[in-house]
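Here the structure is laid out as structure tokens; the discussion comes afterwards.
For clarity, every value in this text was computed on a predicted model and none was experimentally measured. Note that these values count all heavy atoms, side chains included, but never hydrogens, waters or copies made by symmetry.
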Amino acid sequence: MYIGHFAPAFIAAAYPKSPKLPIMLIAAQLVDYGFFTFALFGIENFRITPGISVMNPLDLYDMPYTHSLLGSIFWALGFAILIWGFTKNMVGACIGGAVVLSHWFLDYLVHIPDLTIAGSEPKLGLGLWNHPVIEMPLEFLITFGAVAFYIGKTKMREHGTPHGLYALIATLLLLQAFDWFAPKPESANASLMIMALCSFALVALLGHWTAKNREYD
């Protein structure tokens with residue numbers, strides 16, 4: 001799951017009491033922001049193992065702090081507390097926390113068994129990465145269904161432009177195409193981790209551009 005993680009962000013951001021779209025896009029990938037940052041410093045670890053699944057060569061063997069359910073709950077609580085601290089908006093804080101937590105459950109659909117409840121056995125995952133005929137249309141359906149929902153619940157501001165939204169949709173398509181069809185990485189090096197972090201940040205920046213030009217209908 002890659003751009004599919006952003007689906008809950010678009011759905012959440014369609015509601016007036018939710019934090020704005022760029023914040024929700026950060027929330028949707030907060031767990032992976034943490035994972036790739038931790039991996040850069042050797043706190044969590046992964047390796048490239050060709051053939052470990054049909055669609056993804058990442059062997060995610062050590063990620064107890066970000067991709068255990070318990071760890072994800074702590075990330076969600078921390079994010080919710082941060083939102084509440086800045087906004088005093090309890091509804092928005094709960095929505096933000098729920099979007100963070102959605103990451104684990106979406107990963108559960110596609111990961112081979114490498115997720116955990118609390119950092120140790122049993123390893124969990126339904127393994128849709130081994131079934132691209134299911135995973136690929138599913139990822140498109142949930143992502144762009146959510147984008148359509150956001151568009152339907154908001155409207156362009158007076159004197160606003162649609163360019164940010166178009167750029168965001170195009171970037172999501174390009175990122176997913178790159179993830180599926182580009183040559184697979186040969187090693188779990190720092191450039192791979194930084195590239196992943198930059199892709200998440202780019203989506204959030206385009207979300208900011210989009211949200212500046214839209215308002216609730």
Side-chain angles (χ1 to χ4, degrees), residues 1-14 21 24-33 35-36 39 46-61 63 66-67 69 72 98-116 123-152 165-188 191-207 210:
M1 189 69 64
Y2 187 7
I3 64 169
H5 280 303
F6 295 117
F10 285 104
I11 293 171
L21 179 61
M24 292 295 87
L25 292 170
I26 291 170
Q29 286 286 22
L30 187 67
V31 167
D32 274 350
Y33 277 104
F35 171 67
F36 285 108
F46 70 102
R47 58 195 166 218
I48 302 300
T49 304
I52 193 169
S53 72
V54 171
M55 297 181 67
N56 195 320
L58 271 61
D59 183 357
L60 301 164
Y61 67 93
M63 45 183 190
T66 58
H67 283 74
L69 180 57
S72 295
V99 171
V100 174
L101 189 57
S102 72
H103 189 103
W104 191 91
F105 291 97
L106 289 171
D107 271 351
Y108 177 74
L109 295 177
V110 299
H111 279 225
I112 61 172
D114 54 28
L115 303 171
T116 64
K123 296 291 183 76
L124 306 172
L126 295 181
L128 289 184
W129 275 337
N130 283 323
H131 304 280
V133 70
I134 299 173
E135 199 283 335
M136 294 172 78
L138 175 64
E139 188 140 16
F140 259 68
L141 178 64
I142 64 174
T143 303
F144 294 104
V147 171
F149 182 80
Y150 174 77
I151 293 170
L165 178 62
Y166 295 160
L168 177 56
I169 291 171
T171 298
L172 291 173
L173 287 168
L174 288 171
L175 288 174
Q176 190 60 72
F178 182 85
D179 182 60
W180 282 341
F181 304 119
K184 300 304 180 185
E186 296 181 356
S187 64
S191 63
L192 172 61
M193 303 169 202
I194 292 169
M195 185 170 64
L197 292 169
C198 288
S199 73
F200 306 151
L202 175 60
V203 170
L205 286 171
L206 293 173
T210 299

Note to self: Testing Val31, Leu30, Asp32, Leu60 one by one against Thr66 for a side chain to side chain contact (heavy atoms under 4.5 Å, CB included), which residue passes?
What the structure shows: Val31

Item checked: Test applied, side chain to side chain contact (heavy atoms under 4.5 Å, CB included); reference residue, Leu25; option that passes from Thr210, Leu205, Val203 -> Val203

Could you tell me which non-hydrogen atom of [X] sits nearest to which non-hydrogen atom of [Y], and how far apart they are?
X	Y	value
Pro8	Ser102	CG-OG, 3.4 Å
Pro137	Pro132	CD-O, 3.7 Å
Val99	Ala12	CG2-CB, 3.7 Å
Ala146	Phe10	O-CB, 3.5 Å
Asn56	Leu58	OD1-N, 2.9 Å
Ile26	Ala204	CG1-CB, 3.8 Å

Output the distance between atom [atom1] ([X]) and atom [atom2] ([Y]), rounded to the nearest 0.5 Å.
X	Y	atom1	atom2	result
Leu126	Leu115	CG	CG	9.5 Å
Arg47	Ile52	CZ	CD1	7.5 Å
Leu106	His111	CG	NE2	10.0 Å
Leu168	Leu202	CG	CG	9.0 Å
Ile112	Lys123	CD1	NZ	9.5 Å
Leu21	Phe6	CG	CZ	10.0 Å

Next item on the list: Would you confirm whether the ring centroid of His67 sits within less than 6.0 angstrom of the ring centroid of Trp104?
Entry: no

Note to self: Please determine whether the number of non-hydrogen atoms from other residues, nucleotides or ligands lying under 6.0 Å from atom OH of Tyr61 exceeds 12.
What the structure shows: yes

Please output the side-chain donor-acceptor pairs of residues 193-200 that fall under 3.5 Å, not counting sequence neighbours, one pair per line with the distance.
{"from": "Ser199", "atom 1": "OG", "to": "Tyr2", "atom 2": "OH", "distance (Å)": "2.7"}
{"from": "Ser199", "atom 1": "OG", "to": "Ala196", "atom 2": "O", "distance (Å)": "2.7"}

Note to self: Is there a side-chain contact between Phe36 and Phe46 in this structure, where contact means two heavy atoms from C-beta onward sitting under 4.5 Å apart?
What the structure shows: yes

Next item on the list: Given side chain to side chain contact (heavy atoms under 4.5 Å, CB included), test Phe144 with Ile169 step by step and report yes or no.
Entry: CA-CA 8 Å; Phe144 294 104; Ile169 291 171; 4.0 Å; yes

Check: Okay, side chain of Glu135, backbone of Trp129: is any donor-acceptor separation there less than 3.5 Å?
Finding: no

Check: Taking Glu139 for the side chain and Ile3 for the main chain, is one N or O donor matched with an acceptor at less than 3.5 Å?
Finding: yes

Check: What orientation do His5 and His103 show, parallel under 30°, tilted 30 to 60°, or perpendicular over 60°?
Finding: parallel

